[in-house]
Amino acid sequence: MEIILFHSVYGPRPAVHAAADRLRAAGHQVHVPDLYDGQTAGTAEEGTAIKDRIGWDELVKRAVSAAAPHSDGGLVYAGFSLGAAFAQMLAMADEKTRGLLLLHGTYDVPEDASVGGLPVQLHVADPDPFEPDDWLNTWYLQMGRAGADVEVHRYRGAGHLYTDPDLADHEAEAAERTWATALAFLDSL
């Protein structure tokens, strides 16, 4: 499977590359675009400042440009938190999308979206201050109306970016369960 994996607001930190290596070890071809031109952040606030300096429209252009050379054969789009927003946007706009793997985040679903059976797997903390229950319920219903085949996996007690071992949010057991479930999802595509 060919996967494009988008980083979180923290930028292309070691955890993103470790995740890509884990996916490669499972036999997948993985692309990890650097939307921040090499910048990484030590805190969410620093990451948000980088994101804001670059600007949302420019980040979307960078994400589209990164995916375009690989999308002919059908990609799996994946992303961490902010990167999940880019993954979801691109997956829903690409009729050849093979699957969508969202880690720690979702994004708005256009009212006219139609994705005809797109396999989607979401992994989030429970509770997650960035993905509150009301939002997730609405997102789930909207994705269903768009035709997506959605699985949601929630991890009680984990922090927002619980798969990143270098952050205070890290929860090792939840991270391992996430990766086992995600790899099984990818194998099913």
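Numbers here are sequence positions counted from 1.
- Between His123 and Leu101, the closest side-chain pair of non-hydrogen atoms falls below 4.5 Å.
- Considering CG of Leu90 and OG1 of Thr97, their distance stands at 8.0 Å, rounded to 0.5 Å.
- Rounding to the nearest 0.5 angstrom, the gap separating the CG atom in Leu5 from the NE2 atom in His17 is 9.0 Å.
- Side-chain atoms of Pro127 and Arg156, non-hydrogen and from C-beta on, do get closer than 4.5 Å to each other.
- In terms of heavy atoms, Ala84 sits closest to Leu102 at O-CD2, 3.5 Å.
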- Report the C-alpha separation of Val60 and Trp56 in whole Å, then their side-chain angles, then the decisive distance to 0.1 Å, and conclude whether the side chain to side chain contact (heavy atoms under 4.5 Å, CB included) test is met. CA-CA 6 Å; Val60 171; Trp56 182 256; 3.5 Å; yes
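- Interatomic distance, CG of Leu75 versus CG of Leu100, reported as 11.5 Å (0.5 Å rounding).
- The side-chain heavy atoms of Tyr10 and Leu167, taken from C-beta on, include a pair separated by under 4.5 Å.
- A 4.5 Å side-chain heavy-atom check between Phe6 and Leu103 finds every atom pair outside the cut-off.
- Atoms CG and CG, on Leu23 and Leu186 in that order, are 6.5 Å from each other to the nearest 0.5 Å.
- For Tyr77 against Ser71, the heavy-atom pair with the smallest separation is OH-CB, 3.9 Å.
- At least one side-chain heavy atom of Ile4 sits under 4.5 Å from a side-chain heavy atom of Pro33.
- By the ring pair (Phe, Tyr, Trp, His ring centres under 6.0 Å) test, His160 is found to be paired with Phe130, residues two or more places apart in sequence or in another chain being considered.
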- Message: Arg13 vs His7, test: side chain to side chain contact (heavy atoms under 4.5 Å, CB included). Steps then yes/no.
- Response: CA-CA 8 Å; Arg13 293 169 45 87; His7 61 74; over 6 Å; no
- Task: Begin with the C-alpha distance, continue with both residues' side-chain angles, and end with the deciding distance and a verdict on side chain to side chain contact (heavy atoms under 4.5 Å, CB included) for Asp187 and His28.
- Result: CA-CA 9 Å; Asp187 287 345; His28 303 290; 3.9 Å; yes
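- Going from atom OG1 of Thr181 over to atom CD of Gln121 covers 6.0 Å, rounded to the nearest 0.5 Å.
- Of all the heavy atoms in Pro110 and Asp108, the pair that sits closest is CD-O, 3.7 Å.
- Inter-residue side-chain proximity for Ile54 and Leu35 is flagged as unmet; no heavy-atom pair is nearer than 4.5 Å.
- Surrounding CG of Asp52 are more than 12 heavy atoms belonging to other residues, nucleotides or ligands, all under 6.0 Å away.
- Listed by chain and number, the hydrophobic cluster partners of Tyr155 are Tyr162, where partners are ILVMFWY side chains within reach of under 4.5 Å, directly or through others.
- The shortest side-chain heavy-atom distance between Gln88 and Val120 does not fall under the 4.5 Å cut-off.
- Contact between Met92 and Ala146 at its shortest, heavy atoms only, is CE-CB, 4.2 Å.
- Applying the 6.0 Å contact sphere to CD of Glu173 captures no more than 12 heavy atoms from other residues, nucleotides or ligands.
- Using a 4.0 Å cut-off between a side-chain N of Lys or Arg and a carboxylate O of Asp or Glu, Asp37 and Arg62 qualify as a salt bridge.
- Under a cut-off of 6.0 angstrom, the local environment of OH in Tyr107 is crowded, with over 12 non-hydrogen atoms contributed by other residues, nucleotides or ligands.
- Using a distance-only test at 3.5 Å, with no hydrogens or angles considered, a donor-acceptor pair links the side chain of Glu131 to the main chain of Thr106.
- The existence of a salt bridge linking Glu46 and Arg53 is excluded, since no basic side-chain nitrogen approaches an acidic carboxylate oxygen closer than 4.0 Å.
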- Message: Would Glu2 and His31 count as a side-chain hydrogen bond (donor to acceptor under 3.5 Å, both in side chains) here? Give the steps.
- Response: CA-CA 8 Å; Glu2 190 168 8; His31 309 282; 2.6 Å; yes
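- Of all non-hydrogen atoms in Arg98 and Leu118, the two that sit nearest each other are C-CD1, 4.4 Å.
- In summary, of the residues considered (Glu176, His104, Glu171, Arg22), a side-chain hydrogen bond (donor to acceptor under 3.5 Å, both in side chains) with Thr163 occurs for His104 alone.
- Residue pairs that meet the ring-ring contact (aromatic ring centres under 6.0 Å, His included) test with at least one member in residues 168-189, sequence neighbours left out, do not exist here.
- Crowding of Glu58 atom CD: a count of heavy atoms from other residues, nucleotides or ligands under 6.0 Å exceeding 12.
- In this structure the side chain of Tyr36 reaches within 4.5 angstrom of the side chain of Leu59, judged on heavy atoms.
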- Start with the C-alpha gap between Leu161 and Ser81, add the side-chain angles, then the distance that decides, and say whether side chain to side chain contact (heavy atoms under 4.5 Å, CB included) holds. CA-CA 7 Å; Leu161 278 169; Ser81 192; 4.0 Å; yes
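- Contact record, Leu122 with Gly105: CD1-O, 3.5 Å, taken as the closest heavy-atom pair.
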